[in-house]
Structure formats: structure tokens, C-alpha cells
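Numbers restart at 1 for each chain; the letters A, B, ... are given by sequence-line order, proteins then strands. None of these values were measured; they are calculated from a predicted model.
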Number of protein chains: 2
Amino acid sequence: MGTSLRDVAVLAGVSVKTVSNVVNGYAHVAPATRARVEEALARLDYRPNLSARNLRQGRTGVIALALPELDAPYFAELSRFVIDAAAEQRWLVVIEQTDGSLERERQILDGVRDHRVDGLIFSPIAIGADELAARTDDTALVLLGERIHDGPADHVAIDNVRAARDITEHLIGLGRARVAALGAQDSSISGTAPLRLAGYRQAMAAHGLPEIVATVERYHRADGFAAMTALLEGERPDAVFCFNDLLALGAMRAVLSSGLRVPGDVALAGLDDIEDGRYSTPTLTTVAPDKSELARIAVDLLKRRIDGRAGYAPQEVRAGYRLMVRESTAPAG
Amino acid sequence: MGTSLRDVAVLAGVSVKTVSNVVNGYAHVAPATRARVEEALARLDYRPNLSARNLRQGRTGVIALALPELDAPYFAELSRFVIDAAAEQRWLVVIEQTDGSLERERQILDGVRDHRVDGLIFSPIAIGADELAARTDDTALVLLGERIHDGPADHVAIDNVRAARDITEHLIGLGRARVAALGAQDSSISGTAPLRLAGYRQAMAAHGLPEIVATVERYHRADGFAAMTALLEGERPDAVFCFNDLLALGAMRAVLSSGLRVPGDVALAGLDDIEDGRYSTPTLTTVAPDKSELARIAVDLLKRRIDGRAGYAPQEVRAGYRLMVRESTAPAG
DNA sequence: CAACGTTGTTTCAACGTTGTAAACAGGGCT
DNA sequence: AGCCCTGTTTACAACGTTGAAACAACGTTG
């Protein structure tokens, strides 16, 4: 094991506690003593043992970030911001992947205690609000990007309904009449899918247009590809709002490989603003959630929960977003 | 704080150590006692305090994974596998991002001790072999995906030279004569860039073809876009081996938006096999490193270092890869 | 029946840290 | 000299866990 306070204390000819005081920046230490201790600290290259410190303080300095899958670009990009925001609190982030499985999500929710993390930022897919509310654990919890009705925990997300309505309005504004929604889900009760669908419906209803809805299992390129291929076989839509960018990129591939043009024959829009969509051909119109803001708010909420053990009511916070119009919905197409 | 061994011990009417023994599956515990203790454990929903356990055992059960950036798809995909492989050892993974900055890489290398992780899987970009060798820290270290000549630590990667030669041969095999390499770097001494460049050169030399080399700063789509745009302004290549898939996707965008066709006018190949390339239009030919194998080997090497404190010589391990031929190098194009 | 091994359980100490409280030194005041 | 400040330093205990060693009870063996 490395050098401990004791080692430094011996070298500096001072008590262990005094060294601790210097390390922690305690005010009343005589300049001469402080200098001597700092000299010794430097000489022995002292690093505090976090296990011991945490044991003593009942904190671990580690938070968990639980999300469906790290290799979905949206979550990877989001993770980066969460890690950066957490670093400012001097927190480490461990990442847990649920693969969207209910069982894994239960484990996470139940099992964070095993790892003794101070808090959890959770982006659930499968688990329901009731189950969330029923948890006995009192570890600080913040829900990210998932609307849980009357949630039992702090929650941060963009306004999914409004964002979906905005982008659908944009498609309608191109003069397209057969605007489809791609990404509805049968299973999910608590997910974002119903919200985005609701936004789509509001826009379609406002213009008296017929709804065309394609459902998917998951939110990967492959699902978008399959759903779009199916859509093309029926009465073809001339615009499609895909519930995330991966679906849109899969759909784009399907349209293009069927010999049709984007946006000439079919305009496409997504949601997430992952980097891929800025370099696809054509580039992808999308809604860009402010990921940095999402992450920062999530970390702030968590910090407040962890610090003030007071049980104030769960907060609901909205992060901003922007509409990014690109080639896949260019009017001239 | 949660329930401790002491609480359980009191409830079961037994000593703390006996509870500890039950928890740890120690053999010689009377069945009756064990039953009573387990009953108490369940009733109080006991979870071991990892900080305490780690303090006692000098292990944290946490490893760090340091990589340039999580939102580069290759690293996101790799991380997933590392996390999964680590989970099998009941390890948690904290992720540190270096952004490829030398300073951050130094911090990581020096600072892992701050966090008291048991080991580090490190994918460096900027740092040199000499500096790696000079580190005083004795934390277990495994280098991932980066060839450090005569490295001071275990190292796992694919055979970059051979992979680069293979893919270049494939491009030449299409009958293209002006085959460019995109992704060389001025700065990097120890990176993979020189290796991939070497592989390219071997293949070009073997066929007596002239080398065309484009350098980049970093390995993002934007760099690929810029470098390709520059290449197109000169005497145009008819095939390009990009040193990673992001570069290739950026390059593809540049070719397509200049009005040329892929692979008709320019064939493109990458390296990494990120998911994006399987859904781009055209789909991207690439080299697919066995990421799962890379991750598993890295974790295994690290485990061996952590367990056996014996200082055996640094290991050099090669993981497999496959050539994935897709539309961007289709012969009929 | 004494010595011994086995099984089951406990006591003790230690991992490195920090909050509490108390001890100590020096200076200014009565 | 005795007192109370203020500033500085220290002893002690505790966080929850587990390895080492001790101990008790019991059956086996010579």
C-alpha cells in the first residue's frame, strides 16, 4: 500500500492529525509546521486513500450512470458530458449498461447499494413508475431523459412533446402531406415514445392530416431500416419523422437503397443530433437536445440530493433543444 | 449508513466475525448458525460496505478505463465490451477521457492513485514510450490498441501493419492505381498511425505503385472531410484507405458532396468497423478488429497483473481482425 | 484417559482517515 | 502570580471489514 498520513507524520515529526489538517486545508496551522508537512507530503508523494476517507465519511465519491447502451451514439455523447460535469464535483462515474432489459434495470435500481455509490443517474427504458416509486433504497436518484408520470425522483429531460410537434410542423411546412411517424412502441409504457408520438399527433391533427405510424422494437439503425422498408412497400409517405437519429439513419439507408431520393422522394428527420447525422449523405435534419445542459442539470440535481438529505419534493426540470435543419429536409430537394 | 455486520450479528446472536464468515462463504460454520445468520442477513437486507472491505483488503474492485473520447464510436463500442468483461470479474469500470491531450494523459497515468483503482486499461494517443516507462506508480497497467515499442507494460492490439497491408491490397486488387492513404500524422510518435502507414507502404511498394499520403490532426469525420476535400483538388486518387472509419465517413461525405461517386470514382475503405459504416450509403468497407477479444484480453492481462504481483516481463498480445468488404469498394461500382 | 485433531466460534488488531474534545503554549490582562 | 483568551497541536475513538490467533467443545486415537 502507498504512503499514509502516518508515514508523512513521522517524517515531518508531527502528529497524524496535523498532517490531515494540512491536507484538508484546515486554517489554524502554523506556517512553519505547514511548510514542514508540505515538504514531507511532497517528498513521499502522498495520496489520500479514498477507501479510508470514504469509510470515515460515509461517502464514496463515485456515482453511477445507468443507461441502455454505451454504443448508441446518443448515450455515448451524453455520457461524455455527464463524466465531465461529475469531474467538476470531483466525482468518478461508473457506467452500467442495462441493454434495456427490465431485469437489468431492476438490478441496477436495487443493486447500487452493493457498490456503495453516492448516487445514481438513471436512464430507464423498461421499468415502470410504480416500480420506481416502490424502491426501498434511499440512494440519491436522478432520472435522465425519461418521463415518469408523477415520478418519485428528480427528473430532467427536454420537452419531448413539444420537440416532436416542432419537427413534425417543419415536415408539414415543406408541403408534404403524407407525413409518417417512425418509432412508436407497443411495449413501453413509460418511455419517450408515447410523448413523441403525442407531439406528432398534435401537429398532424392541427393540419387535418392523416396519421401514419410505424412501430419498432428498439431504437437501432436496423429497426429503422426494417420499418422504413415496410413503409415503402405500402402507400409511400413523402416525409418521415423518426423518433431518434439512429432510426432515421437506418430509414435513410432503406430509402436510398430502394432507389428513391432523400429528400426528393422522402424527407427524413430524426431526434438526438448525433454526430453521424451531420456527416451522412444527405445530412440529417434533427432536434438537438442540449446534452451538455442535460448532463449538468442531472449532476446538479444529484448533488443537491446527496448534500441536503432533506426530503423535498421531486423536481421536474426541462432542458433546451434546437431544431437543426439539414439536407434531408431541404426544400429544393 | 446501512446495516453493518454488527447489526446482523446482534440480531442473530452471534459474533461479527461469524457473520463475516457466512457472508464470505467460509466452510466451517454450523448449519444451524448459518441458517440463523442468513435469516438475519435477509431480514436486514445486509450489503457489505465496499469502502471498508477495500480498506481492509487493499483493493477497490474498481478499474479505470482511460481513452481519448467516449463519443468516438469505436471507443464507445470498445468500452461496452470492457465493461462487460470487467463485470465478470465483479469489477466496476470508471471511465476517464483524455481528449488525446498529453497533459490529461500524464494526469491519468499519474493520478490513478488518487482514485485508488486496482488497475488501469489505457489507450493513449499522445504520450510517449519513454514517459510511460518512467512512471513511478506501480498500479497494474494494460495498454490497449496502441503500439509502444519495447513497452514497459502489457499491451493488446491487432496487428496494425498487417491489417493496413491487407486492406490496401484489397484496394489495389480492385484495379485501382492511385491509392491514397488518409490519416498519417505529423505529431504522433507512438501512435497507430505510423503502423498503418507502414502497412500501406508495404502493399504499395509490393506493386510498384506511387504513394499518396494525406495527413490529419485528429481522427474525426471533420478531419476526413477536410483531408479528402484537399485530395480531390489535386490529382485525384481513385481509392483511399482511411486510417479509421470516422475519417472514411468524413471522406465519403466529401466525395459525394463534390458530385463524385463512391466507389465509382473513388473507392473508400476504413478501419474499426463502427456501426455507422454498416448503414452509410454506400456501406463502408473496413477492417473489423475483434473488439470483444481485445476487451477480454485486456481485462485478463490486467487481472493477472493485479493478482500475481510477480513482476514478469510485459506481454504483447495480438487480437484478431476481419476484412469486411462492403459497397464502398464494390468492383461493379 | 491423556493427548490430539477437527469443527465451530470468538477476540483482537489493523487497514487510513477524520470529528471531537481536550491539551498545550504563549500573550495580554487584571 | 493568576487568569482568560487565541492559536496550534495532539490523543482518542470510530467508520465496517477481515486475517491471525486463540479458544471451546467434541470425537478419535494410542
Side-chain angles (χ1 to χ4, degrees), chain A residues 1-41 44-62 90 113-118 139 309, chain B residues 1-41 44-62 90 113-118 139 306-307 309:
Chain A
M1 218 165 281
T3 52
S4 69
L5 286 181
R6 162 182 255 94
D7 303 326
V8 180
V10 169
L11 179 58
V14 85
S15 85
V16 171
K17 188 63 218 276
T18 297
V19 180
S20 169
N21 286 339
V22 170
V23 170
N24 294 9
Y26 178 67
H28 300 301
V29 179
T33 320
R34 159 162 288 133
R36 205 143 33 91
V37 171
E38 268 165 358
E39 154 85 25
L41 283 170
L44 297 180
D45 191 25
Y46 169 79
R47 311 291 179 108
N49 178 318
L50 291 207
S51 287
R53 181 176 278 177
N54 294 337
L55 172 60
R56 180 61 232 243
Q57 301 186 325
R59 295 271 182 90
T60 66
V62 178
R90 326 197 83 240
R113 267 177 300 178
D114 280 350
H115 303 134
R116 291 284 148 141
V117 295
D118 294 337
T139 308
R309 276 260 159 252
Chain B
M1 219 165 279
T3 52
S4 70
L5 285 182
R6 163 181 253 95
D7 302 326
V8 179
V10 169
L11 178 58
V14 84
S15 86
V16 172
K17 187 64 217 275
T18 298
V19 181
S20 170
N21 285 338
V22 170
V23 170
N24 293 7
Y26 179 65
H28 302 301
V29 180
T33 319
R34 159 162 285 134
R36 207 144 33 91
V37 170
E38 268 165 357
E39 154 84 25
L41 284 170
L44 297 179
D45 191 23
Y46 170 80
R47 312 292 179 104
N49 179 318
L50 292 205
S51 288
R53 180 177 280 177
N54 295 336
L55 172 58
R56 181 59 233 248
Q57 300 186 327
R59 294 271 182 90
T60 66
V62 178
R90 326 199 81 241
R113 266 177 302 180
D114 280 349
H115 303 134
R116 292 285 148 140
V117 295
D118 294 337
T139 308
I306 291 174
D307 286 349
R309 277 258 160 254

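Whole-Å rounding puts the A:Y26 OH to C:dT17 C1' distance at 17 Å. Between B:L55 atom CG and C:dT18 atom C1' the separation is 13 Å, expressed in whole Å. What separates CG of B:D7 from P of D:dC15 is a distance of 10 Å, to the nearest Å. In this structure, A:L50 atom CG and C:dT17 atom P are separated by 9 Å, rounded to whole Å. Whole-Å rounding puts the B:N54 CG to C:dG16 P distance at 13 Å. The CZ atom of A:R59 sits 18 Å away from the C1' atom of D:dG16 (whole-angstrom rounding). Between the CG atom of B:N21 and the P atom of C:dT11 there is a distance of 13 Å, rounded to whole Å. As a whole-Å value, the separation of A:R34 CZ from D:dT8 P is 9 Å.
In terms of phosphate contacts, A:R56 brings no side-chain nitrogen or oxygen within less than 4.0 Å of OP1 or OP2 of C:dG16. For D:dC15, the OP1/OP2 oxygens have no side-chain nitrogen or oxygen of B:S4 closer than 4.0 Å. Residue A:S15 has no polar side-chain atom (N or O) positioned under 4.0 Å from OP1 or OP2 of D:dT9. Distances shorter than 4.0 Å separate some side-chain N or O of B:S20 from OP1 or OP2 on D:dT18. For the OP1/OP2 pair of C:dT9 and a distance below 4.0 Å, the side-chain nitrogens and oxygens of B:T33 include at least one atom meeting the criterion.
Base pairing analysis places D:dG30 opposite C:dC1; the two distances defining the Watson-Crick or G-U wobble pair are each below 3.5 Å. Across the strands present, C:dT18 finds its partner in D:dA13; the criterion is a Watson-Crick or G-U wobble pair with both atom distances under 3.5 angstrom.
Nucleic acid contact class of B:S51 (heavy atoms, under 4.0 Å, all strands): none. Within 4.0 Å (heavy atoms only), A:N24 reaches sugar-phosphate atoms of the nucleic acid but no base atom. Counting any heavy atom pair closer than 4.0 Å across all strands shown, B:V16 reaches a base atom.
In this structure, the nucleotide among D:dA20, D:dT10, C:dT9 sitting nearest to the side chain of A:K17 is D:dT10. The B:R53 side chain lies nearest to D:dT18 when the options are D:dT18, D:dG16, D:dT9. Minimum atom distance to the side chain of A:A52 is reached by C:dT17, of the listed D:dT18, C:dG8, C:dT17.
Contact annotation: the side chain of B:V22 approaches that of B:L41 to within less than 4.5 Å [non-hydrogen atoms, C-beta and beyond].
Both B:Q57 and B:H28 lie close to DNA chain C; mapped to their nearest nucleotides by heavy-atom distance, the more 5′-ward contact belongs to B:H28.
Closest heavy-atom contact between B:T60 and B:N54: O-ND2, 3.1 Å. Between A:A9 and A:V19, the closest heavy-atom pair is CA-CG2, 3.7 Å. Between B:R53 and B:P48 the shortest heavy-atom distance is NH2-CB, 3.5 Å.
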Would A:S4 and A:N49 count as a side-chain contact (heavy atoms from CB on, under 4.5 Å) here? Give the steps. CA-CA 8 Å; A:S4 69; A:N49 178 318; over 6 Å; no
Audit row: A:V23, A:Y46, side-chain contact (heavy atoms from CB on, under 4.5 Å) steps and yes/no: CA-CA 10 Å; A:V23 170; A:Y46 169 79; 4.0 Å; yes
